[in-house]
Every structure is written in structure tokens, then in C-alpha cells.
Amino acid sequence: MSILGFFTVLFLIVCAVILAEMYREQHSFCVTHYEVHSPKITCTAEKDPVNRIIFLSDMHNHVYGKQNNKLFEAIKAEQPDLILIGGDMLVAKNDVRYQEALDFVSRLPQLCPVYYASGNHEQRIKENQENYSLCYEEYRKKLQAEGVRFLENESCDILLGNQQIHISGLELPLIVNKKFRKADVTAEDVRRCLGEKHTTGNQEKQQEITENFADNSYHILLAHNPSYMEAYKEWGSDLILSGHLHGGCVRLPGIGGVITPQAFLFPKYSGEMTVEGEQTIIVSKGLGTHTFNVRLFNPAEVIAITLCR
């Protein structure tokens, strides 16, 4: 065999391996475990086991097993105390239903409380209803009837065992997700949507909560697009949960994600946990894809977070 023939065969083998891996990653997921530590966290695994949070994002109607049973059972096996959803569980396209997302999410309250913050796909349908055959209001009402709590520029306070937790769901204007551009988002923009971090509701609906609860609660922010992480950090949450980037589509060792849905290369946050000072940032690689259906060295994931003192 000539040298040219050898390298041609080698190239074809490499291409076949890559295609096989991409197919595998399109049809499987993993459970990624993170431990989050903070002096604000009072529960311990020995004394108070109520400290497991599941974070889901960017499912885009994807189905794992019949009726998503494989995905549901994997979440159930983690024995979650709280499930947080970071948006884009459906796909904002006229020729695509939302039934897969509806059927799956409606089962989750059987396991524990569920809080749902919108991604750009839910927000796009909600704010431009005239452009879609899908009805977001119907989707939301059906999930609310099953016990799912939506946080659309709103916050709420819960007790997770003995742990006080303040959860906020952020919806920035849709323009911040436009392709080929990055908006100038500041902490003041976040405040305009959510108010100060220890209030409930948006600026029109804010209600003061007790100072004791505000001072001692652990604050979680659900903010779909991690491109504006500096603004989220300045606003001041203890734990920031994002998704949107699908892990950067392709991940390279030591570099991370390669490209964002807005066509920017090598995003700083794309599918990992980062600790910066007293703040923790977790970005999900997501559970599905849409339009550009590529995953390479970038498995879909369910994120399981254990809160630790």
C-alpha cells in the first residue's frame, strides 16, 4: 500500500470513529455530580440528608427511552430533594410539538418540588405568540396543574430540610440571544428584571421578606445564557445555574466548548463548575440539541448537586 493509500484509509477510519461517537452522544446522557460548598449551607450529609438538587436544561424535546423513562429513572435514582429547570426544554418551531417536554416535565413533581425558569425558546413562543402554532400559555398551565412552579423574572423562598434557599429565575430581553452579536448586559439590567437579590417578584410585584431569612438563605440564580456571567456575578448570587450553549457543541481537552449558538468561539463558561471567590457557577451541557445537531466529546448530562457546609 502506498503512503497516500495508507493515509486515506487512516483518514476514513478516523472519520468513521468520530461519526460513531457523535451518534452515541446524540442518543445517551450521563449524570454529572458536583459538590457545592458554602458557609451559608447549614445541612450536612450526616445530620440532614435533604441537600440534593437536580439541574436540567436544554432538553429540546429529546427523548431517552420510551416516554423518557430512562431519563426519569436516572433522576429518580439520585433521590432529589429539589429539581431546578434552566429552560429550553422544548423547541420554538412551528413544525415541532412540545408534547415530549410537557409529558416529561409533568412527571417530575412526583419526585420532589420543581421550579422552572424560561430559556430563549420558551420566551420566544411566549412573547411572539402570533408567529407560532404552539401555545406557551397552554404549556405553562398544564405544567402548573401538575405542581411545577414557574419563575419568570420572579423569586421565591423555600426550606430544603432546614436549609433556607432563595431561588430567582431571570428572563433578560430576547435580543440578548441574537446570533452574531453579544449584548451589553450589566448587573443593573438584572436588577431591572428581578429587583435586588433578596426580594421576591419583579420590580412591580416585589414584596419584602424578613431580614433574617434574607441574610441566612442560600441564593440560587437560574440564568439561561451564561454569556453574561459577569453581570450575574455582580448582582450577587451564591450559586448561578446556566445552560444554553449545549456544551459548546464540540469540547476540546484543556479548552472546553468550541462555539456558542451565537457563533462566538471558545466561551469562558460552557459546561463545567467554576468557583470564583464565594460564588459557584455551574453551566449544563444540556440534554438535547436542535437545528445544529452536533455533539463531540461533549455528552448530554443531568447535573446532580450536593450542597455541603
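Since this is a predicted model, take the numbers as computed values, not measurements. Positions are given from 1 along the sequence.
Side-chain contact between Arg52 and Ile305 is absent, with no heavy atoms from C-beta onward closer than 4.5 Å. No side-chain heavy atom of Asn51 sits under 4.5 Å from any side-chain heavy atom of Leu160. Residues Val148 and Pro109 have side chains in contact (heavy-atom distance under 4.5 Å, counting atoms from C-beta outward). Between Glu272 and Val283 the shortest side-chain heavy-atom distance falls below 4.5 Å. Annotation: side chain of Leu111 is in contact with side chain of Ile75 (closest heavy-atom distance under 4.5 Å). Contact check for Glu234 versus Thr186: no side-chain heavy atoms found under the 4.5 Å cut-off. Between Ile13 and Cys15 the shortest side-chain heavy-atom distance does not fall below 4.5 Å. Side-chain contact check for Pro80 versus Ile53: every heavy-atom pair is 4.5 Å or farther apart.
With 3.5 Å as the limit, one finds no donor-acceptor pair spanning the side chains of Ser284 and Ser57. Side chain to side chain, His224 and Glu171 fail the donor-acceptor criterion of an N or O pair below 3.5 Å. Residues Thr306 and Glu35 bring no donor and acceptor atom of their side chains to less than 3.5 Å of each other. Side-chain contact check for His166 and Asp157: at least one donor-acceptor pair (N or O, by modelled atom type) lies under 3.5 Å. In summary, the side chains of Ser38 and Asp238 do not present any donor paired with an acceptor at a separation below 3.5 Å, with no hydrogens or angles considered. Donor-acceptor pairing under 3.5 Å is recorded for the side chains of Gln163 and Thr42. Side chains of Asn225 and Asn177: a donor-acceptor N/O pair is present below 3.5 angstrom, by distance only. Counted by atom type alone, Asp103 and Gln99 present one or more donor-acceptor pairs between their side chains at under 3.5 Å.
Note that SG of Cys249 and CE of Met22 are 9.5 Å apart. Values are rounded to the nearest 0.5 Å. With values rounded to the nearest 0.5 angstrom, Leu71 atom CG is found 13.5 Å from Lys76 atom NZ. Atom OG of Ser28 is separated from atom OH of Tyr23 by 10.5 Å, given to the nearest 0.5 angstrom. Taken to the nearest 0.5 Å, the CZ atom of Arg181 stands 10.0 Å off from the CG atom of Asp184. Between atom CD of residue Glu146 and atom CG of residue Leu102 there is a gap of 8.5 Å, rounded to the nearest 0.5 Å. Taking CG of Asn61 as the start and NE2 of His121 as the end, the distance is 10.0 Å to the nearest 0.5 Å.
Without hydrogens or angle criteria, Arg192 side chain to Leu172 main chain gives no donor-acceptor distance under 3.5 Å. With hydrogens and angles disregarded, a donor-acceptor distance shorter than 3.5 Å links the side chain of Gln279 to the backbone of Lys233. In terms of modelled atom types and a separation under 3.5 Å, the side chain of Asn153 and the main chain of Leu194 share no donor-acceptor contact. Looking only at distances, no side-chain donor or acceptor of Arg295 sits under 3.5 Å from a matching main-chain atom of Val250. Using modelled atom types, no side-chain atom of Lys285 and backbone atom of Pro299 make a donor-acceptor pair closer than 3.5 Å. Without hydrogens or angle criteria, Asn68 side chain to His62 main chain gives a donor-acceptor distance under 3.5 Å. Under the 3.5 Å distance criterion, the side-chain polar atoms of Ser270 are matched with a main-chain donor or acceptor of Gly257. Formation of a donor-acceptor pair under 3.5 Å by the His33 side chain with backbone atoms of Ala304 is not found in this model. Without hydrogens or angle criteria, Asn131 side chain to Ile125 main chain gives no donor-acceptor distance under 3.5 Å. Proximity of a side-chain donor or acceptor of Tyr228 to a complementary backbone N or O of Ala183 within less than 3.5 Å is detected.
The shortest heavy-atom contact between Phe55 and Ser242 is CE2-O, 3.3 Å. Annotation for Asp88 and Glu122: closest pair N-OE1, 2.7 Å, computed over non-hydrogen atoms. Heavy atoms only, all atoms of each residue included: His27 and Tyr64 are closest at C-CE2, 3.9 Å. Closest approach of Gly286 and Asp58 over heavy atoms only: CA-CB, 3.9 Å. Tyr132 approaches Ala92 most closely through the heavy-atom pair CE2-O, 3.5 Å. Considering all non-hydrogen atoms of both residues, Trp235 and Gly195 come closest at NE1-O, 2.9 Å.
The local environment of CD in Glu73 is crowded, with over 12 non-hydrogen atoms from other residues, nucleotides or ligands closer than 6.0 Å. Around atom CD1 of Ile3, no more than 12 heavy atoms belonging to other residues, nucleotides or ligands sit under 6.0 Å away. By the 6.0 Å contact criterion, CD on Glu278 is open, its count of non-hydrogen atoms from other residues, nucleotides or ligands being 12 or less.
Taking the six-membered ring where the residue is Trp, Tyr136 and Tyr139 present tilted rings, their angle falling between 30° and 60°.
In summary, Glu127 and Arg124 do not engage in a salt bridge, as defined by a charged side-chain N under 4.0 Å from a carboxylate O.
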Original post:
Can you list the steps and then say if Phe266 with Ile259 is a side chain to side chain contact (heavy atoms under 4.5 Å, CB included)?
Top reply: CA-CA 6 Å; Phe266 308 115; Ile259 191 168; over 6 Å; no

**OP:** List the steps, then state whether side chain to side chain contact (heavy atoms under 4.5 Å, CB included) holds for Val31 with Ile303.
**Re:** CA-CA 6 Å; Val31 179; Ile303 291 180; over 6 Å; no

Original post:
Please walk me through it: do Lys93 and Thr291 pass side chain to side chain donor-acceptor pair (under 3.5 Å)?
Top reply: CA-CA 10 Å; Lys93 285 186 178 180; Thr291 309; 3.1 Å; yes

**OP:** Evaluate salt bridge (Lys or Arg N to Asp or Glu O under 4.0 Å) for Glu138 paired with Lys141, printing each intermediate quantity in order.
**Re:** CA-CA 5 Å; Glu138 179 184 63; Lys141 283 183 176 179; over 6 Å; no

Original post:
Yes or no on side chain to side chain contact (heavy atoms under 4.5 Å, CB included) for Lys70 and Val63, after CA distance, side-chain angles and deciding distance?
Top reply: CA-CA 9 Å; Lys70 185 177 179 182; Val63 175; over 6 Å; no

Original post:
Given the rule in the side chain to side chain contact (heavy atoms under 4.5 Å, CB included) test, do Arg149 and Gln144 qualify, once you have shown the distances and angles that lead to the verdict?
Top reply: CA-CA 6 Å; Arg149 169 74 186 272; Gln144 287 173 329; over 6 Å; no

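Linking Ile, Leu, Val, Met, Phe, Trp and Tyr whenever their side-chain heavy atoms come within less than 4.5 Å leaves Val114 and Ile165 in two separate clusters. Transitive grouping of hydrophobic side chains (ILVMFWY, heavy atoms separated by less than 4.5 Å) brings Leu265 and Ile255 into a common cluster. With hydrophobic clusters built from ILVMFWY side chains whose heavy atoms lie under 4.5 angstrom apart, Tyr269 shares a cluster with Val190. Cluster annotation: Phe104 and Val91 are assigned to distinct hydrophobic clusters (Ile/Leu/Val/Met/Phe/Trp/Tyr, side-chain heavy-atom contacts under 4.5 Å, transitive). Note on Leu307: it clusters hydrophobically with Met273, by side-chain heavy-atom contacts below 4.5 Å among ILVMFWY residues.
Note: His246 and His60 meet the aromatic proximity criterion, with ring centroids under 6.0 Å apart.
In this structure, Arg107 forms a cation-pi arrangement with Phe72, its terminal cationic atom sitting closer than 6.0 Å to the ring centre and no more than 45° off the ring axis.
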